[in-house]
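Chain letters run A, B, ... following the sequence lines, proteins first and then strands; every chain starts at 1. As the structure is a computational prediction, the values presented were derived from the model and not from experiment.
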Amino acid sequence: MLDIKLIRENPEVVQENLKKRGNQFILDTLQGTIQHDKEWREIAEKLNNSRAERNKIAREVAELRKEGEDATELIDQTDKLSTKIQQLEDREKQLRNAIDNNMKLLPNLLHKDVPPGKDESENVEIKTVGEPREFDFPVKNHVEIIENLGLADFESSAKTSGSGFYILKGDLALLNQALIQFAIEHMRIKGYVYVEPPLLLYKDILTAALDMEGFQQSIYNVDQDDLCLIGTSEYSLLAMHTDEVIQESELPKKYFAYSMCFRKEIGSHGINERGLWRTHQFNKVEQFVFCMPEDSDKYYDEMMVNSEEIYKALELPYRIFESCAGDLAIWKARGSDIEVWRPTTQSYGELCSLSNCTDYQARNLGIRTIKNDGTRVTLHTLNNTVLATSRTMVAILENYQNADGTVSIPDALRKHMRGKEKLGQ
RNA sequence: GCCGAGGUAGCUAAGCCCGGUUUAAGGCGCCGGCCUUGAGAGCCGGUGGUGUUCGCACCGCGGGAGUUCGAAUCCCCCCCUCGGCGCCA
C-alpha cells in the first residue's frame, strides 16, 4: 500500500499521479480515504486525551494507595470516562478499518517514465531483437509437434486433473530440466543467491503481494483459508524478509529461485486450449531484488539485461514492451514484458514480466531498512522472470522445428541434454 | 498428534510467580557530540509506531477478546518457534 503520510501531506501530488491510471474509482477511493483520515485524526486526538485522563487517574490512585489512603472517590469518577473511551475506540476502529480497506484498493504511484495509455493496446515497444525465421514448409504448432513425437500427453492429465495440466514425456521432460539448469547457471554467474522456497504460503502473506482481484482469479487456496499455492516464487522471495529491518550495508539483496507455479487462471482466455502456453501448473526461474529506494531504477535495468541474455543465448526473436499506465497492476510502479516470436500465430507472446514495485509490497509486509545515518525507510522490491519453461519450450518447438518433424535443440541447451541435437531422433 | 519450554525493541536479555518508582532495566550494535594529529578507548546524548498546537500525548511486550481505577504481568481463545515422543518420504 501507499504511505498514508504521503497522501496526507501531498494529496494533490498523489491525485495527479493516480489520475494517469485512468480509473475514476481510484480517484473516488482516494477522496474517501482523505476524508476518513481527517476524521480519524480528530477522533484519535479525542481518544488520546481521554486515555491521558484515565492514565492520570490511575497514577493518582496508585499514589493514594501507596500512602494508605482511600481512593474510592477517584475510582467512581472513571465510570463515565470508560464509556466515553469505549465509544471513541469503537469509532476509531471503524474509521481505521475503512482507511485500511481503501488503502488496499489504492494502486502504487506510477514511475515518471511510465507511458500514458488506457490499456494493453497502448503499451510502448522499446525494441525488437532477432529476425523471425523464414520457413520453406508449413509450420506446425507446438501441440502437433509434441503429439507427433509423443513427447507429452494431454488426454491423461485431463482425465486425472482437468484441462490446463499436462504430462511431459521423455526428451521434452528432459528439455524442461535443461532449461531450468540453464537459467540457474545463468543467474548463479551473475552473483544472485539461489533459493528454493516454499510452494505454499499463508493467505495473509499472499494478499500482501497482489490485489484481491488477482488473488481470486489466480490463487489456489488449500487447507481451507489458511495456506495457498504460490502463483510465482516472486511471492515466496518477497515474503522471506517479512517484518524484518535490514541494514543498508546488507543491500541490495539479490535472489533467484526455481519453483513450480500454480494458477487457477479463472476467466483467462486460452486456458481451455490444449498445449503448454497457458497452464495451471508450470516451472519458472524468477529473479528478485531488495534494494535502497534510490537504486531501484538501476536494478530494473540490470534485471532486464539478465533476462534478455537468456533469449539472446537461445537465439529466439523477441521484443520488449513497456506497460502503459492503464495496463499496470496496482502494486507496480513500472513494468515491461519480454515477448517471444511465435511463427504459428505470427505474433509475439509474453515470456517475462519485469516490475519495479517500489515500496508498495514492502510496506505491506513491513520490510524496512535502517540507513547508514540511522533513519528508517521502507525499501524497494523488484522482480522479473528469468525463464518459464513451458512457454520457452513452446517458443523452441515452434521456432526450431524442421521439415521432417524433428526439432533442433538450441546450442546453449545441448550441454544440459548430454549433447543431444534434436528432439525426435 | 501428544507432552514440555518459549515468543519483549535492529540483536541480546531482565521484568511475569506476587498488577502500580520501569518513562519496558542492563548489554551489544548503530547514529551524533566531547576528547584526539587520526583511529581506538573513555565520557555524554540519541536509537519502535502514530498524532501533534513541536510543549507533549497516546499506542507498543506473538495475535485477539476479557477482568481492573490501572495489564508485559491475571483469565480465556488462537497463532507461531524450539525440544522430546509418535507417525512418515
Enquirer: Using Watson-Crick and G-U wobble pairs whose two distances are both under 3.5 Å, how do you write the pairing of RNA chain B as dot-bracket, with | for links to another strand?
Expert: ((((((((.[[[..)....(.....]]]((((((.......))))))((((....))))..[[[.[..)....].]]])))))))....
Enquirer: Looking only at atom C1', what distance separates B:G26 and B:G4, rounded to whole Å?
Expert: 30 Å
Enquirer: Does B:G55 count as syn, meaning its glycosidic angle lies within 90° of 0, or as anti?
Expert: syn
Enquirer: When the C1' atoms of B:G27 and B:C17 are considered, how many whole Å apart are they?
Expert: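 So the two C1' atoms sit 25 Å from each other.
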Enquirer: Could you check how far CD1 of A:I205 sits from P of B:C79, rounded to whole Å?
Expert: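 Going from CD1 in A:I205 over to P in B:C79 covers 17 Å.
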Enquirer: Checking A:M304 against A:I338 for the side chain to side chain contact (heavy atoms under 4.5 Å, CB included) test, could you report, in this order, the C-alpha distance in whole Å, the side-chain angles of both residues, the deciding distance, and whether it holds?
Expert: CA-CA 9 Å; A:M304 181 54 95; A:I338 293 180; 3.7 Å; yes
Enquirer: Please find out if less than 6.0 Å separates the ring center of A:H241 from that of A:Y255.
Expert: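 They qualify: ring centres under 6.0 Å apart.
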Enquirer: For A:F290 together with A:H380, are the ring centres under 6.0 Å from each other?
Expert: no
Enquirer: Rounded to whole angstrom units, what separation is found between the CZ atom of A:R368 and the P atom of B:C30?
Expert: 20 Å
Enquirer: For B:G60 versus B:A9, give the span between their C1' atoms, rounded off to a whole number of Å.
Expert: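 My reading of the C1' atoms in B:G60 and B:A9 gives 9 Å.
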Enquirer: Please give the distance between the P atoms of B:G20 and B:A39 as a whole number of Å.
Expert: 46 Å
Enquirer: Please name the residue in the list A:K312, A:Q287, A:H186 that meets the side chain to side chain donor-acceptor pair (under 3.5 Å) test with A:S307.
Expert: A:Q287
Enquirer: Taking atom C1' in both B:U23 and B:C59, compute the distance separating them and give it to the nearest angstrom.
Expert: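 Looking at atom C1' only, B:U23 and B:C59 are 14 Å apart.
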Enquirer: Looking only at atom C1', what distance separates B:A57 and B:U8, rounded to whole Å?
Expert: 23 Å
Enquirer: Report which part of the nucleic acid A:V61 touches: base, sugar-phosphate, or nothing (heavy-atom distance under 4.0 Å, all strands).
Expert: base
Enquirer: Nearest-Å distance, CD (A:E60) to P (B:G70)?
Expert: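 In whole Å, B:G70 P and A:E60 CD are 14 Å from each other.
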Enquirer: Please test A:T232 against A:R263 for side chain to side chain contact (heavy atoms under 4.5 Å, CB included), starting from the C-alpha separation and ending with a verdict.
Expert: CA-CA 9 Å; A:T232 158; A:R263 298 188 185 181; 3.7 Å; yes
Enquirer: Write down the distance between NZ (A:K46) and P (B:U52), rounded to a whole number of angstrom.
Expert: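 Whole-Å distance recorded here is 15 Å.
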Enquirer: Compare the minimum distances between each of B:A65, B:G20, B:G10 and the side chain of A:I370, then state the nucleotide with the smallest one.
Expert: B:G10
Enquirer: So, are A:K118 and A:E122 salt-bridged, with charged N and O less than 4.0 Å apart?
Expert: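 Counted as a salt bridge, because a side-chain N and a carboxylate O are separated by less than 4.0 Å.
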Enquirer: To the nearest angstrom, how far is A:K371 atom NZ from B:U47 atom P?
Expert: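 So the two atoms are 18 Å apart, to the nearest Å.
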Enquirer: Are A:K203 and A:D226 close enough for a salt bridge, meaning some N to O gap below 4.0 Å?
Expert: no
Enquirer: Does A:K46 pair with A:E92 as a salt bridge, N-O distance under 4.0 Å?
Expert: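 So A:K46 does not pair with A:E92 through a salt bridge.
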Enquirer: Starting at atom CG of A:L64, determine the distance to atom P of B:U21, rounded to an integer number of angstrom.
Expert: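 Those two atoms, CG and P, are 15 Å apart.
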Enquirer: What is the distance from CD1 of A:I85 to P of B:A71, rounded to the nearest Å?
Expert: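 Answer to the nearest Å: 10 Å.
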Enquirer: What's the gap between B:C80 and B:C75 when it is taken at their P atoms, as a whole Å value?
Expert: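 Those two atoms are separated by 22 Å.
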Enquirer: Tell me whether the OP1 or OP2 atom of B:C80 has a side-chain N or O from A:Y202 closer than 4.0 Å.
Expert: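 For B:C80, OP1 or OP2 has a side-chain N or O of A:Y202 closer than 4.0 Å.
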Enquirer: What one-letter contact string describes nucleotides 53-62 of chain B from 5' to 3', where B marks a base within less than 4.0 Å of any protein heavy atom, S marks contact via sugar-phosphate atoms alone, and - marks no contact?
Expert: B---SSS---
Enquirer: Does this structure show an ion pair linking A:E265 with A:R278, if we count only N-O contacts that are shorter than 4.0 Å?
Expert: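 Looking at A:R278 together with A:E265, the answer is yes, because their closest N to O distance falls below 4.0 Å.
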Enquirer: Under 4.0 Å from OP1 or OP2 of B:U52: is there any side-chain N or O of A:R41 that close?
Expert: yes
Enquirer: Just to be sure I understand the rule, does A:K80 reach a base, reach only the sugar-phosphate, or reach nothing, if contact means heavy atoms closer than 4.0 Å?
Expert: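 Answer is nothing: A:K80 stays at 4.0 Å or more from every strand.
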Enquirer: Side chain to side chain donor-acceptor pair (under 3.5 Å) with A:Y220: which of A:Q281, A:H280, A:K264?
Expert: A:H280
Enquirer: Rounding to a whole Å, what distance do you find between A:L81:CG and B:G70:C1'?
Expert: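 Taking atom C1' of B:G70 as the reference, CG of A:L81 is at 12 Å.
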Enquirer: Return the 5'-most residue of the pair A:T78, A:D3 with respect to RNA chain B, ranking by each residue's nearest nucleotide.
Expert: A:D3
Enquirer: Kindly say whether the aromatic ring centers of A:F288 and A:F256 come within a distance under 6.0 Å.
Expert: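 No: the rings miss the under 6.0 Å criterion.
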Enquirer: Can you tell me, in whole Å, how much space there is between the C1' of B:G7 and that of B:A13?
Expert: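 It comes out at 13 Å once rounded to the nearest Å.
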